[in-house]
Every structure is written in C-alpha cells, then in structure tokens.
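Following: one structure in structure tokens, then a few remarks.
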Amino acid sequence: MAQDSADWNSDDDLDFQIDNYQSSPPSSPPVAAVTSSDGLFATLIDMGFSTENIARAIEEHGPNADTMVIIDAISKYSVNCEASSSKSKTIDHFLAMGFEEEKVIKAIHEHGEDNIEEIANALISSAVTDAAKEEVAPVVKEEDDFDWSESDDEKYANFLSSDDERVTDSSPVNEDKLRSLKIMGFSELEASLALERCGGDVSVGDLADFIYAAQIAREFDEFHADPEEQKPSVKKRRMEARRESRSSADDEPIRLPIPMIGFGVPNEPGLITQRSIPAIAQRPPYFYYENVALAPKGVWDTISRHLYDIPPEFVDSKYICAAARKRGYVHNLPISGRYQVQPPPKYTISEAFPLSKKWWPSWDKRTKLNCILTVNASAQLTNRIRLALEAHPGEPPESAKKYVIDQCKKWNLVWVGKNKAAPLEPDEMETLLGFPRNHTRGGGTSRTERLKSLGNSFQVDTVAYHLSVLKPLFPSGINVLSLFTGIGGAEVALHRLQIPMKTVVSVEISAVNRNILKDFWEQTNQKGTLIEFADVQDLSNEKIVELMQRFGGFDLVIGGSPCNNLAGGNRVSRSGLEGEQSSLFFEYCRILDVVRETTKKMRRS
DNA sequence: ACCATCCAGATGGCGTCG
DNA sequence: CGACGCCATCTGGATGGT
C-alpha cells in the first residue's frame, strides 16, 4: 500500500537533508605496532613474500605502516600481475566468452567496470533474449576459448558430477539449449555437463547461471592455488589463505573493520561493489544472518565457518541513522546496486529529536545515540541527574558534567526539559530503528515487552539497504523464510522496499512478537501468505521440504539468532555460541542447509 | 595501561486484578 | 490469597580501540 509510506515518518519537514556526520568521521587505520622496518622486513620475508614486493610496499606506505596494510599492498601487486583489473581486460574477458563488443562496452558502461557479475548477468539475459528472438545465431564461436587443460576439465567434471548419473538425452529441446549456450560462448563440454547436471527442464538462463557459477568456482580455485611458484611453501600457502579468506584461516581471527561500514553505507566514502565469496554459496537461495558484532573471541569465526566461510559484513548503524548498532551480517547477497530506502532516517540526535535542541546542554557533545538496549533507565536515575544539575545554577562543575554525561551515554538519555534527561520512549525507538510508529504498541503488548523486543530488533534501514539488491531480482515477489523473526524487522524492511512478499514463513518464540508481526501483516494489507511457527525446533526437516514444495521454495532465508550469550551487556551468562539461547544459531544452519539441498533437488526435477 | 561500550539475568517490592 | 505486570536495583567482565 502506497499510503503506508506516510506513516514511516511523522515529521512533515520535506526539506530534510542529511548533514555530514562530523564528530566521528571515518578515520584511517591506526598505525601500529611495528617499530622497526627491519623487523617488518624480516617478518614478511619469513612469510614468503619477495624482497622486491616488500621493498615496494614499504616504500609506498612508509616504514611505520601497519603490517596488514603492507601485506594487502603486496597481495595487490601479485593480483594485478595475474588477474584482469583494467577495463580492457574486462572487455577481453567478455569478448572471449563470445559476447558482442558493442554490448560488452554498453554493459560495462552501465554497471561499472569492476562489476563483473552484473555485467555478466546483463549480457547473459540480453543474449538469451536475442537467441529467443532470432533463429539464426549472430555469433557462433566454434572454438573453446576457455583454453581448459585436461586437468581442468577433470576438475570441472568433478565439480559438476556427483551422485547423479543422469545421461544427457538428446531431445530436440535440449539440443536447442545446447546451441543457445554455445551461442553465448560456452564450450560444448560446459554446456552438456550443465545440462546433464541441471536436467532438461531448466531454462537456458539458469543453465548459463550455473556455468557461470562454475567458472567463478574455477577462478576461485585458481586464485587460491599459488600461480607464481610451483614449489609449495607452507608458510606462503598459509598467507595466501589468510589474505584471501581471513575468515577461514584458523590462525587469523576475524577483525572488525574501521570504520565499521561493511561494504559501504549511503553518504559515506568507501563503497565496495565487488567481492568474491566461495562458489558453493553463490547460488540462491539467498540468506542473511545477523548477530552482535562484539561477540566473544572466535564466535564470528565459528559462525562464518558454518556459513560457507563467507566473511561477515560488519556495520554500525550509526553510519546510517542516529543510533549506534554494531552488528555482523553474513550473507550471499549481491552487493552492487544497493540503495537506501526512503525516506532516509534522521542522521543525528538533533534531527531525530528537534524539540530536544532547546534543552540540550552545550557541554553534551553527543551527536549519536548509543545502542538501543533491552533495558531502560529508571526514573530515580533521571532524578539524580536533575538534582546534580540543580545544585549548580549556571554552568555545572566538571565533576557534575562528567557524572551526567557518563550516565547519559550509559543509559542513552535525551534532554526533554531544563535539567531533565529522559530515557527513550518506545515509539522513539521504533522511529530510530526504522519501524513505523506504534509498530509494537498495543494489541496486548506491555511496555516492558515493547522495550525488550525493540532492543532485540534489526535496524530496518541498515537491513533494507542490504536487501535492496533483491528488488530488481524479484519483481514479482519473494518467498521468505524468517527465523527468529522478533518484531519483523526483515519483513518491515522488505515492505519498505516494496518487494512483494508472496510467502513468509516465520519462526518466533514470543507470542507477543508473533502478534506484532500478524498485526503488521494485516494492517499493511499484505497479499501474501503468512505462516507463523513458535519454536524453531518444531520446524523439522520434513516440514521445511513440505513448505517448500507447497510454495515453490524459499528465495531468502533471513534471521538473527539470539545474542543473549554473546552480548557484552550480559553479566551472568555470556557463555558464547554454546550458550542456551545463542546455540540456536546451529538451528539456523540446519534449516538453511535443508533449504539449500531441497532447492537443488527442486531445480533438478 | 587505560578507556568506552555493550540485542542481560536475577531478585524483591509494590500495586492491580481476579 | 496468589498470579501477574511493572519498577528499581543489583550484579562485572569481555572486547577492542587508543
């Protein structure tokens, strides 16, 4: 419903603009711990890098640069030597695949030269359309331009074949498909293997996707193999793995990025539009997993390892809205073409709370709120703040200021009157988090429950920014499996993106939260089907398969498992991923696995 | 070394409701 | 009377940045 958008923002100020966030701009990486370049040099030699490259990197970045900066620089040199990075190389790459030069250039122009995946998709869909239109092939490449060696063929065949012993039948339909694939530049071997693996009912577009994914897998493998030196050095190999996939390396724990903006956020520099993820995770269904960024040591390594070694995207929502929220997201979504949902959230405290400006002390320099938690400040505390300030008419002494500021930061207070600091109201939290006002209000939800549920929720604008890439992919809507739904942050994000939800199967333990989602579903006049489960353990493997057959599979599996045992605020049971609630992460993995396997089977049959 | 930050759980007191 | 919701207060420590 288009009318809904009016509810997202009660502020009528249409001239709202986003100011640059000034108080903590993205800073450059810290300088670090290496004091002597000789020591650094020796370390890097030890790691197996060439003297030449080390010298070059140190010259460029200075002798005091962070070790990782140097290593990254060196790895870039070797990448540039072997892989295509220039525009002409990109063009050559696609020309080699048999696409027309004109179209390649057009696609590169439209999607950006770095955006290989998008370019490929555009070219493939264009080629499919052309092949459908014309019977006569415009370009026929007889030769296999991929120059695959014998061992590569074996590797590829191994990659493709598995338990399935299906023999390629030579029906006229399949021959047409084979021809189309050849027209698109794929070799006969690739085409027939893909057809064999995917079956005859799959569209040419899907087959092309499949082959392309296999190619990426192959490139990925090659990239991992040491191309320069054939003599394997254990240390060097370890470094390769470390450079390319820090998540999977056992000796290199995942580190939080500075600034914490993931692959980029709107209105900030540092946008990344391309990444490589393990081939096994590249195909749909898409999945999106969330949890607190500052989990105990090793937790994110474990999470990443269980989610196909995809490195988490860490984002602090303070770069998107007026409140901090440091979270990690593991997902296999494309990352190019992201856009911000409208209207954008207020970016600073003063924009989010215009009335507070009048009462905001000049010595309270906060421009962003801290993380919205499940616990709230007591009235007694705000009274103590009032008394502390009233004791000193005019400018309070430093000690009083410090006490008040510390408390305000700790409890996330805003100024609502003279000497009156106050905790956030639930509806204010809703707005800050990107929910419609009153999303959690009424309908049997107590205030305590509202606060708890909101504290546990997504920041909708952040998630919507990541999910926005789904919009062009699913114009007719998607089927969603939503685990640990809470108050429906994912659903609200999809709704705000105006991505139709054909089906939502939701799992949420709290009856109050289930009601909130149900009410939202009805109030926004959703056309799709909503099915709610209470316990994730009730969603058995058989049940998942049944639901998938009923609705035609899931396009997106989304959720954030409980963080109770991971969150820093927990005094009593911060027991890590094995904790009573947080171990439900493994249920997410189980369910995702079943969905992926079932998707494969459904695609085949 | 020092600092700020953090989707928390348990308990007891109080008022309300039946 | 008990059940329940709500409020207030108590309980440190891990983690990562500086």
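Just so it is clear, the structure is predicted and the values come from calculations on it, not from any experiment. Throughout, a chain's letter reflects where its sequence line sits, starting with A, and its residues are numbered from 1.
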Open item on the list: Base of C:dC10, side chain of A:Arg571 - is there a donor-acceptor contact under 3.5 Å?
Closed with: no
Open item on the list: Nearest to the side chain of A:Thr448, heavy atoms from C-beta on, is which of C:dG17, C:dC7, C:dT15?
Closed with: C:dC7
Task: Among C:dG16, B:dC7, B:dG9, the one nearest A:Arg327 by side-chain distance - done: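 Closest nucleotide to the A:Arg327 side chain: B:dC7.
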Open item on the list: Classify the ring geometry of A:Phe520 against A:His495: parallel below 30°, tilted from 30° to 60°, perpendicular beyond 60°.
Closed with: perpendicular
Would you indicate what [X] reaches in the nucleic acid, counting non-hydrogen atoms under 4.0 angstrom: base, sugar-phosphate, or nothing?
{"X": "A:Lys297", "answer": "sugar-phosphate"}
{"X": "A:Leu454", "answer": "nothing"}
{"X": "A:Cys371", "answer": "sugar-phosphate"}
{"X": "A:Val375", "answer": "base"}
{"X": "A:Ser575", "answer": "nothing"}

Task: Basic-acidic side-chain contact under 4.0 Å: A:Lys401, A:Glu398 - done: yes
Open item on the list: If you take the centroid of each ring, where Trp contributes its six-membered ring, are A:Tyr289 and A:Phe585 closer together than 6.0 Å?
Closed with: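 Close enough - the centres of the two rings lie under 6.0 Å apart.
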- [ ] Report yes if the distance between the aromatic ring centroids of A:Tyr319 and A:Tyr465 is under 6.0 Å, otherwise no.
- [x] no
Task: Integer angstrom distance from the C1' of B:dA4 to that of C:dG12 - done: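 Nearest-Å result for B:dA4 against C:dG12 at atom C1': 15 Å.
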